[in-house]
Amino acid sequence: MPAVIVERLMKLFGRATAVADLSFSVEAGEIYGLLGPNGAGKTTALRVLAGLLVPTGGSARVLGIDVATAPREAQRCLGFLTGSTGLYGRLTGREVLFYFGRLHRMPDTRIADRLAALSLALDLGGLLDRRCETLSSGQKQRVSVARAVLHDPAVLILDEPTVGLDVLASRFLRDYVRAERDRGKAIVFSTHYLAEAELLCDRIGLLYRGRLLAEGTPPALRARAAGAASLEEAFLRLVEQIEGRPSS
Amino acid sequence: MNASDVLVVMRKELRETLRDRRTLAVMILFPLVVYPLVSLLLTEVIASKQTAGEARASRVAVVAVPAVGATAGTSPSPSPSDHAPADAVALDRLRAQLGAQLEVKGGNITLVAPIAAGTGADGQQPLSDLTSGHLDAVVVLEKPSQAAARGAPLRLRVYFDETRETSEKAETRVLEILSTILPPGCTRPYQIAVTSTAPKSKVGGYVLSKILPLIVVVMTMLGAFYPAIDITAGERERGTLETLLSSPVRRFDLMTGKVLAVAILATLTGALNIASMSVTVAEGAKLAGDGQALSIPWMRAGATLLTVIPAAFLFGAVMVAIGAMARGFKEAQTLLTPVYLLCFTPSLVASIAELKLSGLTLIIPGTNLTLLARDLMVGQATPLGAAAVLGSTLLYGGLALSFAAHLYDSERLLASTDGELVGLGAWLRHLVGRARQVDEVDEVDESARRSSSRAGAPAQGAASPGDAITLFGLAFILWFFAFTWLQRWRLIPGLLMSQWGGFLGLVWIYARLNRRPLRDVLAFHRPRLSAVGGAVMLGLSGWVILGVLADRLMPPPQHLIEEMRKLIRPPSGDRPLVVSLFALALTPAICEESLFRGPILRGLRQRFSGPAACLLTGILFGVMHGDIWRFIPTALLGALLSWVALTSGSIVPSMVIHLINNGALIVLGFYGLDQAAEKLRAPAQAEILVVAVALFVGGIAAIRRSRPPIGARQ
């Protein structure tokens, strides 16, 4: 069974439709990219998946748990990395990680073990005992990633994690995400950097105005868009098909 | 300086600030509504306190003690052998004469004998009566023979308890009289001395009880203020909220943790204030009193800590709840400032009014804590009273916590946007014109709208909550700054202008601005017969039940009752009953109902559930009457009228109830029947209440039956 199953998901804010009829699934050991321009509904879809928003229609399941009816249970199985780093500036990295670890009801000894492992994997050595407000963007994002994976969740939801990072930091993060995928994690990765998605994702869902335009592997999507040279070009052609005019 | 750049920057800053509706509400509506409201409340409380103080007769005993002259400044402790028979007779005569003069000149002094018969002359018993509160002051006379032997004026000492206001008042009254009279048969006045019987520790506690409770409550609130903002709005602003909410922790647990953290910080602030203030008072008294330290009852000061913990929990929960509503730090400050003042007001009232901790004051949040802190400080707190205060405060805190947890919902916090912000002009139009915009967007079937409106459900094109609050704010401002002035000028003409031109006029302007028929704004529909019948029954019975409730919960002072009687029937007797009925019953029934059960109730109903909208409208209705003593009955009446208007789907039944309610009170007052009713025996009063309750229940049932069918509701 796929680790993540989203079926006919709909989310309305008043009269505005943020997500409509969205369906996709993610297997363990797979990176699924949710792509689209700003305002396409990526963040809303991921927030529903993370149990932060209640769907207006349809369903979202994480390891078989319906996030709408059992959000806390679902949240125990997933790690959510938001667009902002979400760290408490006046706490040290270690304090932040212990705080979230305890919210996940992890014993302190296990948190300490995980910190030791993550410290190596994410190169956190000198960062953990500094106040988060003194860290650079890239350093904050590494601590933030450690926070998201601290409880070793089976599913990772990463909402535009490379926004604002420099090339090296982005590269480091992508490498880490691949490593997690190789450890068998199911990863949902949203971005509006199409090139990044092409580099990283096993499968991609193109989201536009809340609806899924197309889904498939990067080569399949390019092929579907009349042999587009890049994912960006494929996306533009698909939008044109929907809108009936060239998109800008 | 480049003026153009300055103007550009200034315009941008003004535009940005004025687009924040909440800031505007606090800037404009808050000072114009809340400050008058608080001042009204305080004025009434102070006036009532003064009236009650003046009306209360001081209980004074006059005794004669031979040892006074020998031990001036100390408590007299004579022995019966000190009294020679001749002196005893002279003293008795003197006491009687002085007592008679006190009563004649004072008017508000009652000369009483000490409780224990036969011990009045020994001086010890009267002082213990003074300590116990049986007496307010004791006047002790020196033996005439001692004065004659000394060749000096007769000594007289006034004993009082400076830790009791009634005793201080008695001392003032007695001294005023004594300064004007001479001893019988003498040309020289008395040699008067004054002594307070209160021990230093009691004085220390009394001084602290005057200032400490209010300061502690205020500082505890202040201690909660910034932490509450920081952990709610601050979390949201710093971008950590989404991460936190994605953790598998229940919202209630999350908010409980946050509230407890705020409460601990606030408790610390309150406790430090108690300690600091106690030491300051003690040292301050030492500096002011030539090195004589004021004794601080440290145990009692420590006991007041008992109030700090629940206060911290309550204010922490309330402030966290308000902070959870805010979108950022600045907005939280904007929202919390009025809340801070409103939370502070009950404590201020309690502090100024010297209320007694009993009945309703046991459960008024803020007031009860202040009074309990005072009673703890002076050693008058009872375990039952303390339990009631602490229990009710913890209950309110728990409710606020639940509310905060409800508000801290990721759906609301993450989904809300600032999209509604508009320019100042557009905002003002928006406040009164939102319904029109909706109408323009959607073509709503008129009959469907009417049927939904009849059912009390939100209707397309109906007033918004913003409209409701703005209309109330405007009406209150008009009432406070213009209508009261008009009514002081000429009661009946002023009242008619205020009601027809003010309240109804405001609703009419609102309807015009929204391009909606006044009938629709008011939900002025033909009611069902059962609704009218129910309204008549409620109108006939409601005032009886509300009157009984008001008397039990918060009995109004006698002078207010007299004022109401004069309002209904002026002493000159030149106002016919029909004029009073028109001005005081029919007019408010139409005009006040139009405002409160019209756009205010309908607007609040758009945001809140039916019961909550009724309750809020009732509170606003009670507030508009600007009378603390009538607040509870008018608020309850307002809630009842709102329920009737929503349930029946028409404003007419609530107008009928309002008319009959006011009309009944006016007729009773006009013919003096209310005073006759007060003199009825208890069984007769009970019979009236039973009939009223039966009518009330019947009225409620009839109104419920008048509810439009399910299909007509949304």
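Below, each value reflects all heavy atoms present in this structure, side chains not excepted, and no hydrogens, waters or symmetry copies. We name chains A, B, ... by the order of the sequence lines, and we start the count at 1 in each one. Predicted model, so just to flag it, every value in this text is computed and none were measured.
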Heavy-atom contact with chain B under 4.5 Å, split by part of [X]:
X	answer
A/L87	backbone
A/R102	neither
A/Y88	both
A/R147	side chain

**Asked** Above 12 or not: heavy atoms from other molecules or residues under 6.0 Å from CZ of A/R114?
**Response** yes
Would you give me the side-chain donor-acceptor pairs under 3.5 Å for residues 148-159 of chain A, sequence neighbours excluded?
| residue | atom | partner | partner atom | Å |
| --- | --- | --- | --- | --- |
| A/H151 | NE2 | A/L78 | O | 2.9 |
| A/D152 | OD1 | A/R183 | NH2 | 3.3 |
| A/D152 | OD1 | A/K185 | NZ | 2.7 |
| A/D159 | OD1 | A/T43 | OG1 | 3.4 |
| A/D159 | OD1 | A/S190 | OG | 2.8 |
| A/D159 | OD2 | A/T43 | OG1 | 3.1 |

**Asked** Atom CD1 of B/I264 and atom OG1 of B/T269: how far apart are they, to the nearest 0.5 Å?
**Response** 11.5 Å
**Fill in**
Contacts satisfying ring pair (Phe, Tyr, Trp, His ring centres under 6.0 Å) that involve residues 29-66 of chain A (not counting sequence neighbours) are A/F24-A/Y32
